[in-house]
**Q** 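So that we are looking at the same thing, I have put the structure below in structure tokens.
Numbering starts at 1 and runs along the sequence shown.
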Amino acid sequence: MRRALRWLLAVCVVAATTSVALAADLRPLVQSLGTGGYAGTEKGLAQLSEAGDPAAVPVIEALQAGDLYVRKADGVVVIARKAGSDYALTDPLGGASLGEAPAGAIEKIKVNNALRRAISASLGALTLMSPDAGIRRSAADAVFKSRDATALDALNTALAKEQDSSVRRAMEQARAAITLTAGASDEDTRVAVATLAGRSDQDALALLSSVASSSSASETAKAAAASAIASVQLKLTLWGVAQNLWYGLSLGSVLLLAAIGLAVTFGVMGVINMAHGEMVMIGAYTTFMVQELFRAHAPGLFDLSILVALPAAFLVSGGVGILIERSVIRWLYGRPLETLLATWGLSLALQQAVRSIFGPSNREVGAPSWMSGAFELGGLTITYGRLWIVVFAFAVFAALLVALKRTWFGLSIRAVTQNRPMANAMGIRTARVDALTFGLGSGIAGLAGVALSQIDNVSPNLGQGYIIDSFMVVVFGGVGNLWGTLVGALTLGTLNKFLEPYAGAVLGKILVLIFIILFIQRRPRGLFALKGRAVEA
């Protein structure tokens with residue numbers, strides 16, 4: 001046991017001694033960053049990169065962030081960050097605290113555009129040997145974009161040890177980019193072109209195009225580059241189609257959330273509710289109020305605010321919907337024109353009420369950390385916010401489907417939808433079903449407002465941007481049919497996104513509207529028409 005402890009102590013001593021020695025070796029290089037202006041900083045940066053010591057990474061990151069300073073009293077390079085009225089100073093190598101200093105006692109090491117590019121290249125080269133595969137991949141991508149020839153030796157060393165296939169591929173592509181930029185033999189150029197053919201992005205296309213148009217490249221290299229360009233362009237086209245499909249699915253999920261409540265009320269009650277968009281708006285403002293409460297009383301739990309806002313928005317919007325049905329709609333059944341005018345007036349009144357309470361300007365609704373950021377999937381860029389909205393839309397659809405198929409309330413709704421007089425004769429209180437159905441549709445619109453608050457401006461006009469699209473979805477899919485609403489929302493969302501690049505957003509919507517008009521001429525009841533004696537009559 002004593003022998004083992006002695007061995008462990010010896011290892012710690014050696015490690016500490018080695019660390020101190022490396023820090024001592026890097027210290028003059030760190031000091032050189034603060035002398036000689038831009039040229040001296042660039043020279044010191046190159047020397048730090050050539051040293052290949054990962055301990056230099058925090059120094060370079062501080063330089064990149066604008067946190068590297070020179071202490072005027074003794075010329076020592078330090079990391080300085082704002083701490084009240086003064087700056088907290090730390091040692092760039094090791095992070096030891098060096099006390100505090102006023103702003104006048106330190107001078108920032110300035111960087112220009114050339115230095116920023118050199119910093120990115122240096123960080124890429126120094127992190128190529130990181131034990132984290134994600135960091136190595138990011139480093140390889142940084143080297144690819146900088147194409148700095150000074151990183152070639154570090155890149156070759158990292159490639160010789162790399163075991164991860166995806167990281168290795170990224171490193172090979174970075175080396176190919178350096179090869180094509182620096183100029184190389186005909187054989188090396190052909191190898192680099194073949195390597196970049198496997199990368200489907202605009203950066204690779206630009207590099208390959210430079211080879212194809214180069215006067216110094218051989219005909220063989222130009223032919224290989226032309227073939228690689230065709231391959232990359234095909235991949236970009238396919239990934240572009242896939243990206244548009246994702247955008248269409250994303251827009252379709254938003255339309256589904258906005259329209260599904262309208263499908264319930266319109267299908268059961270036959271009410272053209274022009275105030276449906278204001279139910280969406282009320283849900284968004286409820287989210288804003290919930291977040292304000294969290295900011296004021298529980299800022300550390302802010303990420304949970306959106307989960308609390310969901311039931312709150314459903315209850316508030318649903319309660320307002322029941323109030324509207326009991327006070328206005330119940331007196332106008334069977335009179336569609338009067339119902340349309342009344343709900344339109346209600347929508348204006350609700351908008352003005354919100355303006356009076358919250359003001360006419362947009363309100364800030366924050367996104368929780370788990371809905372922020374994005375990730376790459378092949379050639380697709382997917383934001384977490386949109387992904388969660390798609391998942392939420394399908395979850396709401398599934399929950400509503402189960403509620404309508406497996407509960408007494410759902411059975412009553414279906415009975416009233418298919419044959420109202422017979423349902424009334426069988427003892428179903430159709431007036432209560434109407435009120436609860438209108439509340440359910442309004443509550444779902446409130447849930448849509450929670451989702452839309454994450455991707456759109458929360459303002460009194462929020463619902464107006466979705467009411468027309470919601471009606472188009474319901475009419476196209478089939479009034480009162482949930483599956484028709486789902487198919488209609490996804491179809492129109494995808495169609496919009498494929499038309500926008502060619503026709504523009506406004507003309508694209510006009511073309512979609514013309515398509516729906518022509519479609520309704522052939523199928524007046526939509527894609528999935530409801531069946532029943534009352535409906536067919």
Side-chain angles (χ1 to χ4, degrees), residues 254-255 257-266 269-293 295-296 305-306 309-333 335-366 434-435 437-474 506 509:
V254 172
L255 294 179
L257 280 174
I260 194 170
L262 188 64
V264 173
T265 55
F266 195 16
M269 307 166 68
V271 173
I272 303 174
N273 180 20
M274 295 301 293
H276 183 76
E278 278 54 57
M279 301 300 105
V280 176
M281 174 196 67
I282 289 172
Y285 273 97
T286 303
T287 307
F288 166 72
M289 291 299 297
V290 169
Q291 288 198 349
E292 287 299 295
L293 290 174
R295 286 190 178 104
S305 63
I306 198 77
L310 289 173
F314 181 84
L315 292 174
V316 173
S317 297
V320 173
I322 291 175
L323 181 63
I324 290 174
E325 196 280 334
R326 289 289 82 189
S327 59
V328 178
I329 303 297
R330 65 179 299 190
W331 310 107
L332 300 175
Y333 287 129
R335 297 153 64 184
L337 181 59
E338 286 87 343
T339 305
L340 186 149
L341 291 174
T343 54
W344 180 58
L346 279 171
S347 74
L348 296 179
L350 289 170
Q351 287 182 47
Q352 188 57 46
V354 169
R355 285 192 182 93
S356 300
I357 297 171
F358 296 100
S361 57
N362 296 340
R363 291 292 179 171
E364 179 187 358
V365 174
D434 286 339
T437 301
F438 202 89
L440 175 64
S442 299
I444 294 173
L447 295 179
V450 178
L452 289 174
S453 70
Q454 300 299 305
I455 60 174
D456 208 341
N457 294 324
V458 177
S459 69
N461 299 320
L462 172 65
Q464 293 299 304
Y466 295 94
I467 183 65
I468 301 301
D469 288 337
S470 298
F471 273 109
M472 287 198 297
V473 167
V474 171
V506 176
K509 283 187 177 294

**Q** Hey, mind stepping through Val316 and Tyr285 against side chain to side chain contact (heavy atoms under 4.5 Å, CB included) and telling me if it holds?
**A** CA-CA 10 Å; Val316 173; Tyr285 273 97; over 6 Å; no

**Q** Between Glu278 (side chain only) and Leu346 (backbone N and O only), is there a donor and an acceptor less than 3.5 Å apart?
**A**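 Answer holds: no.
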
**Q** To the nearest 0.5 Å, how far apart are OG1 in Thr339 and CH2 in Trp331?
**A**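 Those atoms lie 13.5 Å apart.
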
**Q** Any chance you could lay out the side chain to side chain contact (heavy atoms under 4.5 Å, CB included) test for Ile467 and Met279, step after step, and finish with the verdict?
**A** CA-CA 10 Å; Ile467 183 65; Met279 301 300 105; over 6 Å; no

**Q** Nearest 0.5 angstrom please: Leu255 CG to Met472 CE, how far?
**A**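 Result: 8.0 Å between the selected atoms.
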
**Q** Would you indicate whether the side-chain heavy atoms of Leu341 and Arg335 approach each other to under 4.5 Å?
**A**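 Arg335 does not reach Leu341 side chain to side chain.
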
**Q** Looking only at heavy atoms, which two atoms of Arg326 and Arg330 are closest? And how far apart?
**A**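 Here Arg326 and Arg330 meet closest at O-CD, 2.8 Å.
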
**Q** Using atom types as modelled and distance alone, determine if a side-chain donor or acceptor of Thr343 lies under 3.5 Å from a backbone N or O of Met274.
**A**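 Pair found, side chain donor or acceptor close to backbone of Met274.
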
**Q** Give a yes or no on whether the backbone of Gly439 and the side-chain of Ser442 come within a donor-acceptor separation of less than 3.5 Å.
**A**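 Not confirmed, Ser442 side chain does not pair with Gly439 backbone.
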
**Q** So does Ala258 get a backbone contact from the side chain of His276, meaning a donor-acceptor N/O pair under 3.5 Å?
**A**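 Side chain of His276 to backbone of Ala258, a donor-acceptor pair under 3.5 Å: yes, one is there.
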
**Q** Search all heavy atoms of Ser347 against all heavy atoms of Ala275 and return the closest pair with its distance.
**A**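 Distance-wise, the nearest heavy atoms are CB-CA, 3.9 Å.
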
**Q** Side chain to side chain contact (heavy atoms under 4.5 Å, CB included), that's the test. Do Phe471 and Ile272 meet it? Break it down for me.
**A** CA-CA 9 Å; Phe471 273 109; Ile272 303 174; 3.8 Å; yes

**Q** What are the two closest non-hydrogen atoms of Val328 and Leu332, and how far apart are they?
**A**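 Between these two residues, the closest heavy atoms are O-CG, 3.7 Å.
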
**Q** Can a donor-acceptor pair be found, under 3.5 Å and without considering hydrogens, that links the side chain of Arg363 to the backbone of Phe358?
**A**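 It does hold such a pair.
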
**Q** Give a yes or no answer on whether the side chain of Ser317 reaches the backbone of Phe314 with a donor-acceptor pair at less than 3.5 Å.
**A**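 The answer is no, because no donor-acceptor pair under 3.5 Å joins these two groups.
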
**Q** Could you pull out the closest heavy-atom pair between Ile322 and Ala435, with the gap in Å?
**A**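 Smallest heavy-atom distance, with atoms named: CG1-O, 3.6 Å.
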
**Q** Distance from Ile329 atom CD1 to Asp434 atom CG, nearest 0.5 Å?
**A**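 Here the interatomic distance stands at 10.5 Å.
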
**Q** Can you give me the closest heavy-atom contact between Val354 and Pro460, atom names plus distance?
**A**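 Reported closest heavy-atom pair: CG1-CG, 4.1 Å.
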
**Q** Let me see the working for Leu447 and Leu310 under side chain to side chain contact (heavy atoms under 4.5 Å, CB included), right down to the final yes or no.
**A** CA-CA 6 Å; Leu447 295 179; Leu310 289 173; 4.1 Å; yes

**Q** Testing the basics here: between Ala259 and Val474, what is the closest heavy-atom pair and its distance to 0.1 Å?
**A**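 Closest approach of Ala259 to Val474: O-CG2, 3.8 Å.
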
